[in-house]
Amino acid sequence: MAYDTPTRLRELRRAFHRHPEPGWREFQTTARVVRELEEIGVDEIAVGREALATDERMAVPSDADLEPWLERARDAGVREDILERTADGHTGVVAVLEQGSGPTVGLRVDLDAISMAESTADDHRPAAEGFRSVHDGYMHACGHDGHIAMGLGTLEAVKASEFEGTLKVFFQPAEEISGGGKAMAAGGYLDDVDYLLAVHVGLDHPTGEIVAGVEKPLAMAHLTATFEGASAHAGKAPNQGANAMQAAATAIQNAYAIPRHADGMTRVNVGQIEGGTASNVIAEEVSIEAEVRGETTALMEYTRTELERVLYAAAEMHDCDVTPRVLGESPRVDSHPALRSLVGDVAWGVPGVNSVVPTTDLGVSEDVTYLMERVQANNGLASYVLVGTDHPTNHHTPTFDIDEDSLEIGVSVLANTAIELSRRRP
């Protein structure tokens with residue numbers, strides 16, 4: 001392929017790694033992507049509200065949470081026109097490259113980082129080589145920095161090739177909180193896409209291995225529930241209170257008793273609880289955060305319905321009110337066999353690829369499924385590709401890192417697949 005600059009891919013990845021930003025707060029990341037796209041010379045760049053359906057955004061932080069990241073971006077010199085287009089948490093970009101009358105091929109990569117402090121250990125390469133996160137408490141611990149670099153690299157490679165058609169690259173915000181996929185799917189730019197590729201690095205697949213298209217991503221919903229009762233003195237008159245803490249505790253206990261379903265795997269977890277004021281005060285307000293997953297969308301919805309039933313029953317038992325709210329969710333959508341097959345055929349011809357796995361169960365959740373679902377509903381094909389990379393520790397750990405040799409492999413697989421799609425239908 002024409003794109004043969006692994007040093008540039010490494011430098012891009014490291015630049016994004018140093019400046020991680022969480023979902024809907026990717027202001028500097030969006031600005032850097034726009035800058036790179038302008039240098040590449042694409043035909044259209046849609047930013048923020050132009051790329052998203054505002055009303056379909058999920059898990060959008062409060063203004064108080066957004067403002068420090070916006071100010072940080074302004075202090076870093078981000079252009080005011082970009083800050084205006086991304087205001088109120090409207091991050092993300094769609095890049096359009098037009099090269100003839102062939103099919104429209106889409107590629108989705110994700111932008112956001114994780115709320116996790118990055119390791120400072122001497123044997124952690126980002127720390128040792130000077131590209132550790134500069135934003136304390138946040139890091140790219142899942143490879144999204146590499147995904148962004150591959151998205152930009154794929155654009156450059158396709159532009160320099162004989163590709164005939166349109167390439168759209170979706171730089172999606174808020175994947176980690178399952179908040180951005182639905183909004184980007186409904187933004188309009190996906191409606192004419194004939195083929196959609198999505199990409200993720202690693203996930204226990206080594207450098208040189210390609211999974212042509214995953215199956216069985218778990219459908220997921222992330223919920224909060226706020227229990228509201230009445231405070232009272234815990235020693236003098238506990239009977240005069242309505243104990244929101246007890247209601248929450250009952251709900252948590254009973255959530256794990258939700259029957260598993262005969263039709264497939266289901267999961268439920270309560271991962272956070274917050275509330276109360278003092279040991280001698282009956283808690284008036286307590287909030288929990290929970291998630292449900294299912295092997296199918298229907299199984300996820302079954303588990304979510306059962307969890308909501310548990311929440312209401314626990315509140316009633318303790319004379320409290322409860323307000324559940326879905327923050328983010330994603331359906332199950334599988335990669336299409338025909339597109340998987342083409343990706344696999346292309347991958348075998350890419351230098352550095354020594355293993356091609358036709359498909360594997362993803363086993364986690366991903367809101368790219370909203371984009372895949374939309375393309376398939378319009379009679380297009382979609383595949384979620386895994387690019388293997390050696391990672392010394394697991395995803396979502398403080399010492400996560402990737403093998404940067406995998407970046408060029410990923411760009412080659414994605415760009416060559418796009419080029420092949422412009423020549424023939426799978």
Side-chain angles (χ1 to χ4, degrees), residues 9 13 16-17 20 23 107-114 116 118 125-126 139-151 154 172 174-178 180-181 196-220 265 267 269 291 293-295 330-336 339-340 343-344 347 350 352-372 382-414 417:
L9 289 173
R13 180 257 166 165
F16 289 113
H17 189 92
L107 169 63
R108 182 276 205 168
V109 297
D110 36 18
L111 301 178
D112 56 330
I114 296 171
M116 175 179 290
E118 185 164 12
R125 187 176 55 162
M139 71 171 289
H140 275 294
C142 201
H144 295 190
D145 48 345
H147 301 168
I148 305 168
M150 284 194 287
T154 300
Q172 183 208 304
E175 184 278 327
E176 292 290 353
I177 53 178
S178 296
L196 177 69
L197 300 171
V199 64
H200 205 295
V201 295
L203 298 176
D204 299 320
H205 294 275
T207 300
E209 184 164 275
I210 299 293
V211 179
V214 302
E215 293 182 325
K216 296 184 180 179
L218 301 180
M220 185 276 294
M265 185 271 291
R267 295 281 189 271
N269 186 61
E291 66 170 33
R293 301 179 192 252
E295 189 173 332
S330 58
R332 170 182 165 176
V333 179
D334 294 333
S335 299
H336 194 282
L339 188 51
R340 279 192 345 235
V343 172
V350 169
V353 173
N354 51 44
S355 173
V356 175
V357 179
T359 189
T360 190
D361 292 355
L362 184 61
V364 295
S365 304
E366 238 279 22
D367 71 349
V368 70
T369 52
Y370 277 114
L371 285 77
M372 297 172 69
S383 188
Y384 190 119
V385 181
L386 299 185
V387 175
T389 190
D390 297 332
H391 44 92
T393 57
N394 288 332
H395 295 254
H396 294 211
T397 60
T399 51
F400 180 80
D401 193 17
I402 66 171
D403 177 3
E404 291 168 333
D405 289 343
S406 64
L407 299 175
E408 187 177 14
I409 294 173
V411 168
S412 296
V413 170
L414 296 169
T417 298

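In this chain, numbering begins with 1 at the start of the sequence shown.
One distance of note links CG of L196 with CG of L339; it measures 8.5 Å at 0.5 Å rounding.
Residues satisfying the ring pair (Phe, Tyr, Trp, His ring centres under 6.0 Å) test with H391, not counting sequence neighbours, are H395, F400. In this structure E215 satisfies the salt bridge (charged side-chain N to carboxylate O under 4.0 Å, His left out) test together with R340, sequence neighbours excluded. Under the rule for a side chain to side chain donor-acceptor pair (under 3.5 Å), the partners of S365 that lie at least two apart in sequence or sit in another chain are R293. For E366, the salt bridge (charged side-chain N to carboxylate O under 4.0 Å, His left out) partners are R108, not counting sequence neighbours. For S406, the side chain to side chain donor-acceptor pair (under 3.5 Å) partners two or more places apart in sequence, or in a different chain, are T389. Considering only residues two or more places apart in sequence or on other chains, N269 meets the side-chain contact (heavy atoms from CB on, under 4.5 Å) condition with Y256, E291. Not counting sequence neighbours, the partners of D334 by the salt bridge (charged side-chain N to carboxylate O under 4.0 Å, His left out) test are R332. When the side chain to side chain donor-acceptor pair (under 3.5 Å) test is applied to H147, the partners found at least two apart in sequence or on another chain are D110. In terms of the salt bridge (charged side-chain N to carboxylate O under 4.0 Å, His left out) criterion, E209 has no residue partners (sequence neighbours excluded). With sequence neighbours left out, T359 forms a side chain to side chain donor-acceptor pair (under 3.5 Å) with no residue at all. Checked against side-chain contact (heavy atoms from CB on, under 4.5 Å), P358 has no partners two or more places apart in sequence or in another chain.
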- [ ] Might you work through the side chain to side chain donor-acceptor pair (under 3.5 Å) test for D405 and T207, ending with a clear yes or no?
- [x] CA-CA 8 Å; D405 289 343; T207 300; over 6 Å; no
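P217 and T369 make their closest contact through CG-CG2, 3.9 Å (heavy atoms, listed as atom of the first residue, atom of the second, distance). When all heavy atoms are compared, the tightest approach of A212 to S383 is O-OG, 2.8 Å. Taking all atoms of both residues into account, the shortest heavy-atom contact from V368 to A198 is CG2-CB, 3.6 Å.
Identified under the salt bridge (Lys or Arg N to Asp or Glu O under 4.0 Å) test for residues 139-150, with sequence neighbours left out: R13-D145.
The main-chain N or O of E176 is found under 3.5 Å from a side-chain atom of D112 such that the two form a donor-acceptor pair. The closest donor-acceptor contact from the side chain of D367 to the backbone of G181 lies under 3.5 Å. Using modelled atom types, no side-chain atom of R267 and backbone atom of M220 make a donor-acceptor pair closer than 3.5 Å.
Here the options are V356, V343, V387, the test is side chain to side chain contact (heavy atoms under 4.5 Å, CB included), and the partner is V413; only V343 passes.
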